[in-house]
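To keep things clear, I will list the structure first and then write my remarks on it.
No experiment lies behind these values; they were computed from the predicted model shown.
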Amino acid sequence: MFLMDLGVNVFLFMFSLVKALFSVHVSLQGLVLGVFEKEGEEDSHHLTEAAAGFDQSLSGKLSELLKISGPPLKKGKSRVFYGLHKDFPCVAVVGLGKNNAGVCGAENWDTSKENIRQAVSAGCRSLQDLDVNRVEVDGCGDAQSAAEGAVLGLFQYDQLKSKKKTKVTAQLHGSANLVAWEKGVVYAEGQNLARLLMEAPANHITPTAFANIIEEKLAPHAEQVTINKRSQAWIEEQQMGAFLSVSKGSEEPPVFLELHYNGSPDRSQAPLVLVGKGITFDSGGISLKPSSSMDAMRADMGGAATVCASVVTAAALKLPVRIIGLAPLCENMPSGKATKPGDVVKAKNGKTIQVDNTDAEGRLILADALCYGHTLNPRAIVNVATLTGAMDVALGSAATGVFTNSDWLWDVSAPVLTNHVCICVCVVWRMPLFEHYTRQVTDCQLADLNNIGKYSRSGGACTAAAFLKEFVTAPHWAHLDIAGVMGNKDEIPYLRKGMSGRPTRTLVEFAAGLAQYKNL
């Protein structure tokens, strides 16, 4: 009898769906509910609080369907049921893994949060594939993580395609934990902004276009934000010879983007200065890259994208901190005006640099940006860059490599830089800044520094960091090499294949956590 009722329900739903598809305005609403793995031998599943309430309203029909529709749901998988409820023609039940999985110390992340993000994204995508355009989402005990899973999981860059994915609006099911949900939405939208900038083709995201997009995103927060889009004339006045040596090979003019967010009630608070590498396309210059996969170098401004997106997110959250974001933006192109291997250029601090490889350009534009950052009375300086392929070789996509001259920034602020990373699942790993690497870039035939290490590819990520250190006098500085985490294949299930936007959420958490320390 129950199976007969089930068949009737399916028929009625399919009939209503076909009828809706022939209407002018198709509007379908779905629901995503969570279920944990069984806790005992007799249990087949353990519903979340929201799922249990929904099941009770249906006199246990959801539980019955879960029992007869197949094996227990595995972590990160979804199963869709039709016709259960008049308000929700489609209901996706998702596997959350073990209840209270908690923090995994070995992996340095919160497994429970990650399971929720993965499961919710899977459910939302299942409904998106059915052209459901409005989805209510079970908070699954952690509404912020659920929101992040939904918003990150539904993102896809298809702006330039004729056929687009169904646009889905996700909202929390019920009113509990709405504040946490909204916070998760803001965090995820920040990372999606970075993904958008990194994924878009380079002819659409030029230095000027990049700056204009960020200006537009910050417009709603004009009272707390100051934006300076510095022109080439200003860059020349600042004697940023290293930056200009990279930009001069392109027809696109460089832009030095400077963002000031002041959310601190203490106007005398020194700012956290974030510096992002902004190469909007990297051909390698005269030291031309191989053509295979060169198209991915549209995302070589991932450092600038994540830095600027984190400032936008901080402003949206109204964080009580001062942040200055700096993004030197340009293309690295070959031409008759381009820098040649062996040329010597002068940075803002007066140091000369022998450019033996024009494809090691990121450190050149960062050198001048770091020098400028020191003039802003920084509390700490953190630069972010897709800097070296060597970092990808060393750590792959598992972690961001961090180089720092400050044990305080690493050790004393461990609850900030480590625990918040655990929340956001963008693991960091400390890398060495030995004098061994410094000697490799200071032992130079024609200038004070060489832009590549004397032993070529050996320790490439470390020699690049050592080069940057030559432009740092601040006691608290960190360099994040994000080359390995730039893209996502299938490592993070709730991010579709493409540019990842990592570590935007971690930068925001770090800035928020740093506000706790008043004596720095």
Side-chain angles (χ1 to χ4, degrees), residues 197-198 200-216 218 226-260 273-289 297-308 311 324-340 343-349 351 353 355 357-376 383-387 451 468 471:
L197 291 166
M198 295 170 70
N203 63 325
H204 285 248
I205 305 294
T206 62
T208 301
F210 182 108
N212 290 342
I213 290 171
I214 296 300
E215 182 178 37
E216 179 184 333
L218 285 170
T226 302
I227 304 168
N228 293 307
K229 296 187 289 185
R230 311 291 196 181
S231 67
Q232 180 163 333
W234 180 90
I235 298 167
E236 290 170 350
E237 289 174 6
Q238 292 292 314
Q239 297 182 318
M240 295 182 174
F243 181 18
L244 290 167
S245 75
V246 178
S247 68
K248 70 179 188 178
S250 173
E251 293 297 318
E252 289 289 342
V255 176
F256 192 94
L257 184 60
E258 183 175 343
L259 312 173
H260 290 247
V273 174
L274 301 176
V275 183
K277 172 187 169 185
I279 300 294
T280 58
F281 186 75
D282 184 16
S283 69
I286 298 298
S287 304
L288 196 66
K289 292 178 179 289
M297 289 299 97
R298 67 187 184 277
D300 205 26
M301 29 60 87
T306 55
V307 161
C308 293
V311 175
I324 296 177
L326 304 177
L329 301 162
C330 70
E331 293 181 339
N332 183 26
M333 299 291 287
S335 74
K337 297 183 294 183
T339 295
K340 303 172 290 299
D343 284 359
V344 174
V345 301
K346 183 182 287 188
K348 179 175 172 60
N349 66 351
K351 290 188 177 182
I353 305 165
V355 183
N357 188 335
T358 65
D359 194 23
E361 83 299 329
R363 64 201 72 181
L364 297 176
I365 70 171
L366 287 174
D368 281 336
L370 286 169
C371 291
Y372 180 71
H374 281 74
T375 69
L376 303 172
N383 72 256
V384 188
T386 51
L387 203 63
N451 78 323
L468 293 179
F471 300 89

Within a radius of less than 6.0 Å around NZ of Lys229, do more than 12 heavy atoms belonging to other residues, nucleotides or ligands occur? yes
For [X] and [Y], indicate whether the former's side chain and the latter's backbone hold a donor-acceptor pair under 3.5 Å.
X: Asp368; Y: Lys348; answer: yes
X: Asp282; Y: Ile279; answer: no
X: Asn451; Y: Ala360; answer: yes
X: Asn228; Y: Arg230; answer: no
X: Thr375; Y: Tyr372; answer: yes

Could you tell me if the side chain of [Y] sits less than 4.5 Å from the side chain of [X], heavy atoms only?
X: Leu257; Y: Ile214; result: yes
X: Asn383; Y: Leu468; result: yes
X: Leu364; Y: Met240; result: no
X: Val273; Y: Val275; result: yes

If we check side chain to side chain contact (heavy atoms under 4.5 Å, CB included) with Thr306, which of these qualifies: Leu197, Thr386, Val384, Val311? Val384
Measuring from [X]:[atom1] to [Y]:[atom2], what's the distance to the nearest 0.5 Å?
X: Asp343; Y: Lys340; atom1: CG; atom2: NZ; result: 4.0 Å
X: Thr280; Y: Leu329; atom1: OG1; atom2: CG; result: 7.0 Å
X: Met333; Y: Leu288; atom1: CE; atom2: CG; result: 9.0 Å
X: Glu215; Y: Cys308; atom1: CD; atom2: SG; result: 12.0 Å
X: Gln232; Y: Ser247; atom1: CD; atom2: OG; result: 5.5 Å
X: Thr206; Y: Met301; atom1: OG1; atom2: CE; result: 10.5 Å

Could you check whether Lys277 pairs with Glu361 (Lys NZ or Arg NE/NH1/NH2 to Asp/Glu carboxylate O, under 4.0 Å)? yes
Sorted by chain and residue number, the side-chain hydrogen bond (donor to acceptor under 3.5 Å, both in side chains) partners of Gln239 (sequence neighbours excluded) come out as none
Among all residues two or more places apart in sequence or in another chain, which pass the side-chain hydrogen bond (donor to acceptor under 3.5 Å, both in side chains) test with Lys351? Glu470
Just jot down the side chain to side chain contact (heavy atoms under 4.5 Å, CB included) partners of Ser335, sequence neighbours excluded, or say none. Lys337, Ala338
Given the rule in the ring pair (Phe, Tyr, Trp, His ring centres under 6.0 Å) test, do Phe243 and Trp234 qualify, once you have shown the distances and angles that lead to the verdict? CA-CA 12 Å; Phe243 181 18; Trp234 180 90; 9.1 Å; no
The side-chain hydrogen bond (donor to acceptor under 3.5 Å, both in side chains) partner of Ser287 among Thr339, Thr358, Asn332 is Thr358
